[in-house]
Structure formats: structure tokens, C-alpha cells
Amino acid sequence: MANTILVGAQWGDEGKGKIIDFLTGEADIVVRSQGGNNAGHTVILSGKKYVLHLIPSGILRPRKVCVIGNGVVIDPVSLVGEIETLLRQGVKIRKGQLLISDAAHLVFPYHRLLDEQRELMKGPFRIGTTKRGIGPAYGDKAARTGLRMCDLMQPAVFTEKLRAKIQENNAILKALGAPKVSLKEVNDAYLGAAAKLRPFVTNTVVYLHEAIKAGREILFEGAQGTFLDIDHGTYPYVTSSNTTAGGACTGSGVPPHRMDRVIGVMKAYTTRVGEGPFPTEDAVIGDMLHAMGREFGATTGRARRCGWFDAAAARYATMINGIDSVAITNIDGLDSLDWIKVCTHYKLGRKRLEVPPTDVRQLAECQPVYVEFEGWNQPVTGAKKWSDLPQKAREYLKGLATLTGAKLAIASVGPGRDQTIVL
């Protein structure tokens with residue numbers, strides 16, 4: 001397996017959690033390198049559902065080491081809650097199995113309040129944020145005023161820095177008409193969380209480099225998706241971190257030349273949550289999927305916007321991430337369709353566009369140009385190998401890989417580990 005970066009090749013929610021869990025069987029270490037608890041990976045094992053927000057999916061397999069890297073922004077109270085939920089579900093977290101970077105920045109209640117107020121001020125031009133405070137936390141990081149996990153491990157230092165930050169942000173919240181944050185409440189809650197997290201906090205950069213020298217194999221799990229990347233996504237309708245392959249390096253401290261391959265995960269159709277242009281959005285497929293009980297967010301519960309597969313976007317994602325091979329998920333969601341549309345490129349006025357334009361206003365004006373594939377009209381959930389899939393399903397998947405420009409490596413026909421076909 002070597003060292004593998006796994007990224008979402010669409011707008012997030014591609015089914016990465018299931019693919020990460022599957023690939024973790026071959027890895028020794030699983031690393032989360034960006035984002036916060038605004039992301040959610042859902043894994044279903046033996047009929048039991050696990051929803052992970054900060055902890056890498058490898059935690060569900062014994063003897064795998066999970067690392068939360070320096071590029072992640074952490075709400076310590078939320079992280080403790082996630083650990084306790086896993087323990088109640090019977091997942092044991094052994095000593096040395098979970099490591100948290102001492103350089104990771106922290107998310108505070110004032111970040112969440114600022115997130116909410118800024119979204120309200122935008123009115124009809126809102127971004128569709130989860131209001132978890134992730135953007136404001138990354139904003140503090142970029143402004144060099146954020147608090148980090150190493151601060152939290154030093155109570156006196158933490159309290160002094162927190163006092164200054166709460167004083168500053170309470171003045172801003174007052175001006176916005178939002179409630180103030182209590183220094184005592186936040187300080188007590190965060191120092192309480194610190195006591196529980198202390199055994200896990202370390203310099204993860206050193207750990208990962210020593211692991212590479214020892215020949216251990218590492219899987220870098222992506223959160224969100226390519227088109228939510230702060231630099232390469234549909235800005236401003238993006239998240240506040242680098243969700244593309246490069247973010248795995250900056251968010252973990254592992255250099256690019258130590259990475260061996262990039263796997264892109266994409267659905268057999270397209271979804272996104274939140275606002276922003278979505279060229280292939282179509283109520284026909286959306287209504288069908290929602291009626292099946294599918295496509296509701298793991299973190300927010302929001303119904304996802306749905307549309308046909310967008311090969312123009314997927315092609316650009318392959319380019320940006322350097323995707324070597326793709327894993328296509330949720331194939332079973334299309335089992336009942338007679339014909340399936342795939343966008344091959346866009347029309348913008350008289351121009352033909354092979355990839356999305358940078359300006360979101362232009363993207364909103366793009367008209368998708370479709371080809372149609374004949375559907376297979378039968379369940380695929382029982383398929384165990386490539387030859388078990390209906391011929392029309394195989395033709396569809398090979399067509400998507402060709403249009404995307406990457407090798408088809410995995411086909412997922414359901415949420416279970418055993419519903420994964422490796423080519």
C-alpha cells in the first residue's frame with residue numbers, strides 16, 4: 001500500500017469513511033490532516049453505525065494508530081465527547097493508538113458565535129457553513145492569534161491567553177448583538193477536557209517521520225472534498241482549509257516526496273451541502289435519493305443537494321490532486337434508473353469548457369452538456385467481484401473513469417466492508 005493520500009474528488013460526502021475504513025486494513029497508521037468537527041465520516045460495521053468527526057476512521061480497527069495532525073482545528077470538548085461515544089459503543093482506544101498534534105489549533109465557543117453571526121449578516125448570500133466555528137478558528141491561525149494544543153497543556157499559559165482572546169471577541173460579539181462568552185465557563189470546560197486528552201498529545205511530526213523510517217505504511221484521510229478547498233474550490237462557497245492532496249503534507253509535516261499515491265473518492269453521481277453553484281443539480285435524482293432515505297449529512301443531518309455525475313469537475317479534481325486511481329461509491333443508488341446522465345463538459349455562452357471556471361458567477365451560468373448511459377435496473381448490493389456487476393453497470397463505471405482520467409480501482413456497492421469490489 002505504501003503511503004497513500006485519500007481525497008474527496010467532489011464537494012465532500014463522497015463516502016470516504018467507508019473507503020478509508022476498507023483501506024485501513026492494509027495501513028499501519030491513519031492520519032487526519034485538516035478540517036475540524038464540521039466533517040463527518042460514517043462507517044457501518046456489522047450493522048452498527050459509527051459517525052466520526054475528528055478521530056480518523058482507523059480507530060475502528062484494533063492495533064491501528066490514529067493521528068490528528070497539526071493542520072486540524074480541534075474543539076477539545078467535542079473531541080472528548082467523541083472519544084466517550086466510541087467507548088460507549090464498545091470501541092477501545094488503547095494506549096498509543098490515538099495521537100494528537102501539540103501544534104493543532106483550538107476551536108472555541110466565540111468562534112462558533114462569530115461563525116453564526118457572520119452567516120446571518122450575509123442573508124441570501126450566506127455560504128451554508130455548519131456554524132461549528134471552523135472558519136473563524138482558521139482565521140485566528142492565519143492572523144497568528146490562535147491558541148494551540150500545546151497552550152492547552154499548560155494551564156497557566158492557557159488561561160492567560162484565553163482571557164485576552166475572550167476579552168477581544170466579546171467586544172466583537174457585543175457589536176454584533178450576540179451573547180458574550182464566559183471566561184470561567186470556557187476555561188473550566190477546556191482545562192477539564194485537557195486533563196482527559198493529555199495522554200494523547202505529542203509531537204506527531206516526529207512520530208510520523210520515525211514511522212516512515214521504520215517502513216510503516218500510512219494512510220492520509222481527507223475530510224470534505226476538492227471543491228471545498230480554500231484555494232481550488234468554488235470560492236467563497238468553500239471550507240477554510242486545504243482539502244486537496246497538498247493539505248496532507250502541510251497538515252501532517254510529512255513532505256511530498258514521502259507520498260506514493262493518491263486515491264480520489266467520488267460518488268457515481270454528485271452531491272453537495274450548503275450554498276453555491278452546482279451545474280448538474282437535478283430534482284429528479286435528488287427526490288429519488290431522498291425518498292430512499294439517502295443523502296443526509298453525517299454531521300448536520302441536512303438533506304444534500306443532488307445531481308448527475310460531473311466529469312468536468314472530476315477531471316479538474318484529478319488534475320489538482322494528482323489522482324492515480326479512483327474509488328467510485330454509492331453505485332447502488334442508481335439501481336432503479338433506466339437512463340443515467342453524465343456531464344462531459346460545460347457550455348458558457350458560446351464557449352466549451354472542459355473544467356469549471358474559477359469565478360463562481362460564471363460557474364452558475366454554465367450549462368452542463370450530457371451523454372446518457374443505459375441503466376442496469378437491478379440491485380448491485382450483492383456483487384462481490386467485478387464480474388458479478390451487470391454489464392451496464394460495468395460500462396457506466398468504466399465510462400466515468402475514462403472521462404475522469406484516472407484508473408478505476410474500487411467500486412462500492414453498499415455501506416458494508418464486504419460490499420467493496422477491488423479491481
task: Compare all side-chain heavy atoms of Leu79 with those of Asp75 and state whether any distance is below 4.5 angstrom.
output: no

query: Is a side-chain N or O of Gln362 found less than 3.5 angstrom from the main chain of Thr358, in a donor-acceptor match?
result: no

message: Looking only at side-chain N and O atoms, does Arg315 offer a donor or acceptor that is under 3.5 Å from a partner on Thr404?
response: no

- request: Check whether any side-chain N or O of Lys141 sits under 3.5 Å from a backbone N or O of Val73 as a donor-acceptor pair, and report yes or no.
  value: no

message: Take a 6.0 Å sphere around CD of Glu168 and say whether it holds more than 12 heavy atoms from other residues, nucleotides or ligands.
response: yes

- prompt: Do the ring centers of Tyr138 and His105 come within less than 6.0 Å of each other?
  reply: no

query: Does a donor on one side chain sit under 3.5 Å from an acceptor on the other, for Ser57 and Asp21?
result: no

query: Are side-chain heavy atoms of Val7 and Ile263 found at a separation under 4.5 Å?
result: no

message: Counting neighbours of OH on Tyr235 that are heavy atoms of other residues, nucleotides or ligands and sit closer than 6.0 Å, is the number greater than 12?
response: no

message: For Glu295 and Tyr269, which I'm curious about, is there any donor-acceptor pair between the side chains at under 3.5 Å?
response: yes

task: Apply the test side chain to side chain donor-acceptor pair (under 3.5 Å) to residues Thr226 and Asn321: give CA-CA distance (whole Å), side-chain angles for both, the deciding distance (0.1 Å), then the verdict.
output: CA-CA 8 Å; Thr226 295; Asn321 293 291; 2.9 Å; yes

message: Apply salt bridge (charged side-chain N to carboxylate O under 4.0 Å, His left out) to residues Glu14 and Lys267 and explain how you reach the verdict.
response: CA-CA 5 Å; Glu14 298 96 347; Lys267 281 176 178 160; over 6 Å; no

message: Quick one, Leu106 and Met149 - any side-chain contact, counting heavy atoms below 4.5 Å?
response: yes

- request: Report the C-alpha distance between Met153 and Arg198 in whole Å, list the side-chain angles of each, state the deciding distance to 0.1 Å, and finish with yes or no for side-chain contact (heavy atoms from CB on, under 4.5 Å).
  value: CA-CA 7 Å; Met153 294 298 105; Arg198 188 176 300 277; 3.9 Å; yes

- request: With side chain to side chain donor-acceptor pair (under 3.5 Å) as the test, would you mind laying out the steps for Asp229 and Thr244 before giving the verdict?
  value: CA-CA 6 Å; Asp229 185 277; Thr244 43; 2.7 Å; yes

- prompt: Hey, does Ile410 have a side-chain heavy atom less than 4.5 Å from the side chain of Ile328?
  reply: no

- request: Answer yes if the side chains of Thr280 and Lys341 hold a donor-acceptor pair under 3.5 Å, and no otherwise.
  value: no

- request: Would you please test Arg148 and Phe158 for side-chain contact (heavy atoms from CB on, under 4.5 Å) and show each step?
  value: CA-CA 9 Å; Arg148 300 187 293 172; Phe158 174 76; over 6 Å; no

query: Under a 4.5 Å cut-off applied to non-hydrogen side-chain atoms, are Val30 and Val65 in contact?
result: no

message: Taking Val262's backbone N and O only, do any of them form a donor-acceptor pair with Asp324's side chain (distance below 3.5 Å, no angle check)?
response: yes

- request: Taking atom types as modelled, find out whether Asn330 and Arg294 have a side-chain donor-acceptor pair closer than 3.5 angstrom.
  value: yes

- prompt: With no hydrogens and no angle check, do the side chains of Asn187 and Thr159 hold a donor and an acceptor under 3.5 Å apart?
  reply: yes

message: Distance alone, cut at 3.5 Å: any donor-acceptor contact between the side chains of Tyr346 and Asp310?
response: yes

task: Ignoring hydrogens and angles, state whether a donor on the side chain of Asp102 or Asn203 is under 3.5 Å from an acceptor on the partner side chain.
output: no

task: Would you please name every residue forming a ring pair (Phe, Tyr, Trp, His ring centres under 6.0 Å) with Tyr110, sequence neighbours left out?
output: Phe108

task: Check whether the side chains of Gln34 and Ser241 place a donor and an acceptor atom closer than 3.5 Å, and report yes or no.
output: yes

query: Side chain of Arg32, backbone of Cys66: donor and acceptor closer than 3.5 Å?
result: no

query: More than 12 heavy atoms of other residues, nucleotides or ligands under 6.0 Å from NZ of Lys384: is that the case?
result: yes

Candidate pair Lys196 and Glu84, rule salt bridge (charged side-chain N to carboxylate O under 4.0 Å, His left out), full reasoning: CA-CA 10 Å; Lys196 296 178 179 178; Glu84 291 175 345; 3.2 Å; yes

Partner set under side chain to side chain contact (heavy atoms under 4.5 Å, CB included) for Arg63, not counting sequence neighbours: none

- prompt: So which heavy atom on Glu354 is nearest to which on Thr344, and how close?
  reply: OE1-O, 4.3 Å

Value rounded to 0.5 Å, distance of SG in Cys150 from CG in Asn70: 11.5 Å

field: His209 side-chain N/O to Gly253 backbone N/O, donor-acceptor pair under 3.5 Å
entry: yes

message: When you measure from the side chain of Lys18 to the backbone of Gly416, do you find a donor-acceptor pair of N or O atoms at a distance under 3.5 Å?
response: yes

message: Counting C-beta onward and ignoring hydrogens, is there a side-chain heavy-atom pair between Glu82 and Ile55 closer than 4.5 Å?
response: yes

task: Flag yes if more than 12 heavy atoms outside Gln89 fall under 6.0 Å of its CD atom; otherwise flag no.
output: yes

- prompt: Are Glu116 and Arg118 close enough, and set up right, to give a salt bridge (charged side-chain N to carboxylate O under 4.0 Å, His left out), and what steps lead you there?
  reply: CA-CA 6 Å; Glu116 182 178 1; Arg118 289 171 182 171; over 6 Å; no

message: A side-chain contact here means heavy atoms from C-beta on lying under 4.5 Å apart; do Ile421 and Val413 qualify?
response: yes

field: Separation of Phe220 CZ from Asn3 CG (nearest 0.5 Å)
entry: 5.5 Å

query: Quick one: does Asp359's side chain have a donor or acceptor within less than 3.5 Å of a partner on Arg361's backbone?
result: yes

task: Provide the closest heavy-atom pair for Asp332 versus Gly414 in the form atom of the first, atom of the second, distance.
output: OD1-N, 3.8 Å

task: Begin from the C-alpha positions of Phe296 and His290 and carry the test ring-ring contact (aromatic ring centres under 6.0 Å, His included) through to its verdict.
output: CA-CA 8 Å; Phe296 294 90; His290 293 146; 5.3 Å; yes

message: Would Cys249 and Val254 count as a side-chain contact (heavy atoms from CB on, under 4.5 Å) here? Give the steps.
response: CA-CA 5 Å; Cys249 297; Val254 176; 5.9 Å; no

query: Do His111 and Asp140 have side-chain atoms, one donor and one acceptor, less than 3.5 Å apart?
result: yes

task: For residues Trp308 and Cys343, determine if any side-chain heavy atom of one lies less than 4.5 Å from a side-chain heavy atom of the other.
output: no

- line: Separation between OG1 (Thr234) and CG (Leu228), nearest 0.5 Å, reads 6.5 Å

query: Can you check whether Thr329's main-chain N or O pairs, donor with acceptor, with Ser412's side chain at less than 3.5 Å?
result: no

- request: Give a yes or no on whether the backbone of Cys366 and the side-chain of Lys347 come within a donor-acceptor separation of less than 3.5 Å.
  value: no

- prompt: Can you check whether Trp11 and Phe278 have ring centres sitting under 6.0 Å from each other?
  reply: yes

statement: d(Arg304 CZ, Thr270 OG1) to nearest 0.5 Å is 13.0 Å

- line: In terms of heavy-atom contacts, Val326 and Ala406 come closest through CG1-CB, 3.7 Å

message: Whether the side chain of Thr24 engages the backbone of Ala27 through a donor-acceptor N/O pair (distance < 3.5 Å, no angle test) should be reported.
response: no

- request: Please lay out, stage by stage, how Leu219 and Ile20 fare under the test side-chain contact (heavy atoms from CB on, under 4.5 Å).
  value: CA-CA 8 Å; Leu219 174 63; Ile20 291 163; 3.9 Å; yes

